[in-house]
Each structure stands twice: as C-alpha cells, then as structure tokens.
Participant: 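Before we start, here is the structure in question, set down as structure tokens.
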Amino acid sequence: MSKDSTARVAVVGSINRDTSIRVLRLPRPGETTLAISATQSGGGKGANQAVAAARAGAVLTTLIGAIGDDPAGKELMQAFCNEGIDTLLEVVEGEATGQAFVSVSEDGENSIIVVPGANTEFRRLTPQAAEAVAQANVILCQLETPAELLFDVAGARSAQSLLILNAAPALPLGETVWDLVDLLIVNEHEAAEYAGGGHGDINVIVARLLSKVPMVVITLGSEGCAFFDTNGEHIRVPAHAIEAVDSTGAGDTFCGVFAAQLALGEPIEEAMKAAVAAAAIAVSRPGAQTAIPTFKEVGQLLRSDADPAGTHYPL
Ligand code: RIB
C-alpha cells in the first residue's frame with residue numbers, strides 16, 4: 001500500500017525495551033514465582049503507538065523520542081526503520097534506553113514496572129521535531145515522557161491538526177495541560193482517576209472529563225470503547241470476542257490505529273471500529289510490538305466479524 005503523503009501522524013513519546021516474563025499467575029507481594037519463559041522485544045507506549053500507526057498503512061508516521069547511547073537503543077532504532085517509521089530520536093549520552101519488565105499471567109493479565117532511563121531526559125522538542133509536529137495532521141502523546149513536552153508540542157502544531165493525549169499512565173496533571181488537548185483517550189481506571197473518582201458513576205466521570213477536554217474516548221477492554229464530545233455526541237463500538245493471551249500494548253495498538261485512521265480522514269466511528277479490531281488481535285498474541293497487526297489483518301477481522309457481540313457496559 002502506498003503512503004498518502006497528506007496523512008501524517010507524529011507520535012511523541014516513550015521508547016522501551018520490554019522483557020516479558022510469563023508466569024502462571026501474577027505474584028502476590030512478598031512472593032517468589034518461577035517464570036515459564038522470558039523474552040525481549042520492542043515496547044514503550046510511544047513506540048508501540050507509532051508501530052501501530054505505521055502498520056495501519058498509508059500514513060507517514062514519525063516517532064519523536066529519546067533513547068540511550070547503548071546497543072538496545074541502536075537495535076530499536078533499526079527496528080523502527082524496518083517498519084518504515086521516520087525517527088527523530090535524541091540519543092542521551094550516559095543514559096540507558098528505557099526498559100519495562102512485564103509479567104504476564106496465563107489468563108493474559110499483566111503488571112508492568114518501567115525503568116524510564118532516557119525517556120525522562122526528553123523534555124524539549126528539537127527544531128526538527130517541532131517541524132515534524134507542525135506537518136502532522138494527527139499528533140499522539142502519552143505520559144511516559146515528561147508532561148512539560150506537551151507545551152512544546154502544542155506550540156509547534158498547526159491549527160488544523162488534532163492533538164490526542166493518551167493520558168497513560170495516570171499521573172497528576174496541572175489544569176493548564178488539559179487546555180492543550182483536543183481528544184483524550186483513557187481506560188476506565190484512568191478516566192475515574194482524572195475525574196477525581198466520580199463515585200463510579202460513568203455519567204459523572206464523562207461530564208467531568210468533558211469539562212477539561214472537548215472529546216473523550218474511553219477504552220473498555222473486552223467491552224470495546226465509547227466516544228463522547230461536548231456537543232452531546234456519543235458513539236459506542238463493541239469489542240470482538242477473542243481469547244486473551246497478553247493484553248500488553250493493546251491500548252497502544254488502539255491509539256495508533258485510531259490516530260492513523262483519523263489522519264486518513266476516516267470518521268470517528270470508523271476509526272474506533274478499526275482500532276477496536278486491531279486491539280483485539282493484539283490481545284490474542286504475545287508481546288507489545290510483536291502483537292500489533294497489519295491493516296490487512298484488521299480488515300480481515302472487520303469483514304469476518306462485522307457484527308461483534310453486544311455489550312453489558314452501562315454507557
Ligand atoms: O503500554 C504497554 C507498554 O507500557 C509496554 O510496552 C511497556 O514498555 C510500558 O511502557
């Protein structure tokens with residue numbers, strides 16, 4: 001598939017080397033557990049989202065981030081190049097590339113510890129990176145790199161672009177950050193956290209989030225996702241039934257594919273459908289970047305499961 005030169009996604013965010021450790025069940029505090037296996041692969045929320053956008057086809061994807069001056073950084077940079085991703089990566093001298101230690105249980109649940117390394121040193125956009133942001137029609141950021149970067153991104157973007165914040169992991173953010181964001185993507189837990197609890201009432205949570213940003217997408221795992229905006233629009237997309245193997249990076253797959261589809265000019269609902277299907281495939285495979293599907297695979301799932309199961313989530 002040839003790339004549409006008008007569709008550009010810039011992903012500003014973290015780059016990690018993941019060590020995935022398979023266990024029968026996640027260890028309890030104080031417990032020692034023997035692993036079934038341990039494997040290394042590319043990870044980091046920013047990098048995963050860039051890979052998902054690039055594999056979604058037809059969009060020019062730029063990854064803007066930082067790596068250490070170590071072999072892991074070089075390997076990851078080569079891998080992005082093989083994916084056809086443009087990279088604008090700062091190499092931080094004397095720092096290690098970010099690492100994540102991911103424990104994955106037999107039922108596909110995970111727990112992750114991130115050692116951020118070079119990601120924390122990434123605080124300003126270079127002029128080249130600012131130029132890439134200015135040319136993008138969709139910009140995708142997360143919170144595994146310092147939140148202050150968002151001000152640089154907002155200063156560099158064009159007025160016609162869409163700035164999406166996947167506010168993961170959930171962190172305390174100053175109110176001024178929300179003014180920079182057009183569309184927020186969060187999971188249910190992050191949504192409740194940013195809404196200040198909301199007493200578990202989803203309508204209260206959504207209302208509080210919409211008082212901060214104009215558009216919100218809440219990802220709901222096996223229940224799909226939901227979109228809301230300040231004009232009262234509400235779109236619900238159910239999930240595809242799959243056998244969960246490893247949920248690592250499924251949210252990132254959603255974000256990358258969603259951003260790529262919007263950059264291609266697809267309506268929000270179509271972008272949500274593609275993103276939900278891509279995330280379902282990602283959950284059915286091990287690893288983060290290793291699990292992200294191509295758009296051909298997403299298309300096959302969308303055609304074969306055109307009417308996914310109904311939902312029980314009260315949205
Ligand atoms: O969202 C999944 C990612 O979180 C993993 O790839 C890991 O690197 C952590 O950043």
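Hydrogens, waters and symmetry mates are skipped; everything else that's a heavy atom, side chains included, is used.
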Participant: Hey, any chance Ile36 and Ile21 share a hydrophobic cluster, counting ILVMFWY side chains that come within less than 4.5 Å of each other, even indirectly?
Facilitator: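 Different clusters: Ile36 never reaches Ile21 through Ile, Leu, Val, Met, Phe, Trp or Tyr contacts under 4.5 Å.
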
Participant: I'd like to know if the side chain of Thr19 pairs up with that of Gln40 as donor and acceptor (distance under 3.5 Å, no hydrogens or angles considered).
Facilitator: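 Result is yes, a qualifying pair exists.
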
Participant: Is it true that Arg25 and Glu109 make a salt bridge, defined as a side-chain N closer than 4.0 Å to a carboxylate O?
Facilitator: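 Answer for the salt bridge query: no.
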
Participant: Tell me yes or no: between the side chains of Asn137 and Gln160, is some donor less than 3.5 Å from an acceptor?
Facilitator: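 Their side chains do not contain a donor-acceptor pair, so the 3.5 Å distance test is not met.
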
Participant: Can any side-chain N or O of Gln78 pair as donor or acceptor with the backbone N or O of Glu75 at less than 3.5 Å?
Facilitator: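 Side chain of Gln78 to backbone of Glu75, a donor-acceptor pair under 3.5 Å: no, none is there.
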
Participant: Out of curiosity, Ile205 CD1 to Ile202 CD1, how far, rounded to the nearest 0.5 Å?
Facilitator: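 It comes to 4.5 Å.
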
Participant: Please say yes or no: joined through hydrophobic side-chain contacts below 4.5 Å, possibly via intermediate residues, are Phe80 and Val257 part of one cluster?
Facilitator: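 Result: no, two separate clusters.
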
Participant: Enter the distance from Glu90:CD to Thr126:OG1 here, rounded to the nearest 0.5 Å.
Facilitator: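 One gets 7.5 Å once the value is rounded to the nearest 0.5 Å.
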
Participant: When you measure from the side chain of Ser14 to the backbone N and O of Glu144, does any donor-acceptor pair fall under 3.5 Å?
Facilitator: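 Checked: no pair found.
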
Participant: Please report the C-alpha distance between Arg55 and Glu297 in whole Å, then the side-chain angles of each, then the deciding distance to 0.1 Å, and finally whether the salt bridge (charged side-chain N to carboxylate O under 4.0 Å, His left out) criterion is met.
Facilitator: CA-CA 10 Å; Arg55 287 190 195 160; Glu297 294 172 302; over 6 Å; no

Participant: Do you know which two heavy atoms are closest between Val9 and Ala259, and how far apart they sit?
Facilitator: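 Heavy atoms only, the tightest pair is CG2-O, 3.9 Å.
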
Participant: What heavy-atom pair brings Asn119 and Ala66 nearest, and what distance separates the two atoms?
Facilitator: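 Result for this residue pair: OD1-O, 3.7 Å.
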
Participant: Going through the checks in order, is the side chain to side chain contact (heavy atoms under 4.5 Å, CB included) test met by Val217 and Leu184?
Facilitator: CA-CA 6 Å; Val217 170; Leu184 171 70; over 6 Å; no

Participant: Has the side chain of Asn110 got a donor or acceptor atom that lies under 3.5 Å from a matching backbone atom of Val104?
Facilitator: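 Absent.
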
Participant: Using modelled atom types only, decide if a donor and an acceptor are shared between the side chain of Glu106 and the backbone of Leu24 within a distance under 3.5 Å.
Facilitator: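 No; zero donor-acceptor contacts below 3.5 Å.
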
Participant: Could you check whether any side-chain N or O of Ser161 sits under 3.5 Å from a backbone N or O of Arg157, counting only pairs where one atom can act as donor and the other as acceptor?
Facilitator: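 Side chain of Ser161 to backbone of Arg157: no pair is present.
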
Participant: Evaluate Phe258 against Val276 for side chain to side chain contact (heavy atoms under 4.5 Å, CB included), listing each step before the verdict.
Facilitator: CA-CA 9 Å; Phe258 182 69; Val276 158; over 6 Å; no

Participant: Under 4.5 Å between any side-chain heavy atoms of Pro27 and Thr32, yes or no?
Facilitator: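 No, their side chains stay 4.5 Å or more apart.
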
Participant: State yes or no: do Leu143 and Ile112 share one hydrophobic cluster built from I, L, V, M, F, W and Y residues joined by side-chain heavy-atom distances below 4.5 Å, directly or via other members?
Facilitator: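 Leu143 does not cluster with Ile112.
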
Participant: Return yes if some donor-acceptor pair links the side-chain N/O of Asn48 with the main-chain N/O of Asp252 below 3.5 Å, else return no.
Facilitator: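 Here the side-chain-to-backbone pair does not exist.
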
Participant: Could you walk me through whether Phe228 and Leu209 satisfy the side chain to side chain contact (heavy atoms under 4.5 Å, CB included) test, starting with their C-alpha distance in whole Å, then the side-chain angles of each, then the deciding distance to 0.1 Å, before giving a yes or no?
Facilitator: CA-CA 10 Å; Phe228 306 87; Leu209 295 178; over 6 Å; no

Participant: I want to check something: taking the side chain as every heavy atom from C-beta on, are Gln261 and Glu270 in contact at a cut-off of under 4.5 Å?
Facilitator: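 Not touching, per the 4.5 Å side-chain cut-off.
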
Participant: As a quick check of understanding, evaluate side chain to side chain contact (heavy atoms under 4.5 Å, CB included) for Leu162 and Met215, giving each step before the final call.
Facilitator: CA-CA 11 Å; Leu162 181 80; Met215 293 179 274; 3.8 Å; yes

Participant: Spell out, as yes or no, whether a donor-acceptor pair under 3.5 Å connects the side chain of Asn231 to the backbone of Glu233.
Facilitator: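 The answer is no, because no donor-acceptor pair under 3.5 Å joins these two groups.
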
Participant: Between Glu31 and Arg28 (side chain of the first, backbone of the second, donor and acceptor by atom type, cut-off under 3.5 Å), is there such a pair?
Facilitator: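 Yes; at least one donor-acceptor contact below 3.5 Å.
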
Participant: Under a 3.5 Å distance rule, please check whether Thr219 uses its side chain to pair with a backbone N or O of Gly251 as donor and acceptor.
Facilitator: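 Side chain of Thr219 to backbone of Gly251, a donor-acceptor pair under 3.5 Å: no, none is there.
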
Participant: For Pro286 and Val245, which heavy atoms make the closest approach, and how far apart are they?
Facilitator: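 Taking every non-hydrogen atom into account, N-CG1, 4.0 Å.
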
Participant: Linking I/L/V/M/F/W/Y whenever any side-chain heavy atoms sit under 4.5 Å apart, do Leu88 and Leu125 land together?
Facilitator: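 Yes, it is one cluster - the side chains of Leu88 and Leu125 are joined through contacts under 4.5 Å.
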
Participant: Looking only at side-chain N and O atoms, does Asp18 offer a donor or acceptor that is under 3.5 Å from a partner on Ser20?
Facilitator: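 There is no such pair between these side chains.
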
Participant: Give the ring-plane orientation class for Tyr194 versus Trp178, where under 30° counts as parallel, over 60° as perpendicular and anything between as tilted.
Facilitator: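 Rings of Tyr194 and Trp178: perpendicular, over 60°.
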
Participant: With hydrophobic residues grouped by side-chain heavy-atom distances under 4.5 Å, do Val92 and Val115 end up in a single group?
Facilitator: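 The answer is no; the residues belong to distinct hydrophobic clusters.
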
Participant: Tell me, do Val181 and Ile164 make a side-chain contact under 4.5 Å, heavy atoms counted?
Facilitator: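 Of all side-chain heavy-atom pairs linking Ile164 with Val181, none is under 4.5 Å.
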
Participant: Is there a donor-acceptor pair under 3.5 Å between the side chain of Asp229 and the backbone N or O of Gly232?
Facilitator: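 Here the side-chain-to-backbone pair exists.
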
Participant: Which heavy-atom pair separates Val23 from Thr33 by the least distance, and what is that distance?
Facilitator: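 Smallest heavy-atom distance, with atoms named: CG1-CG2, 4.0 Å.
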
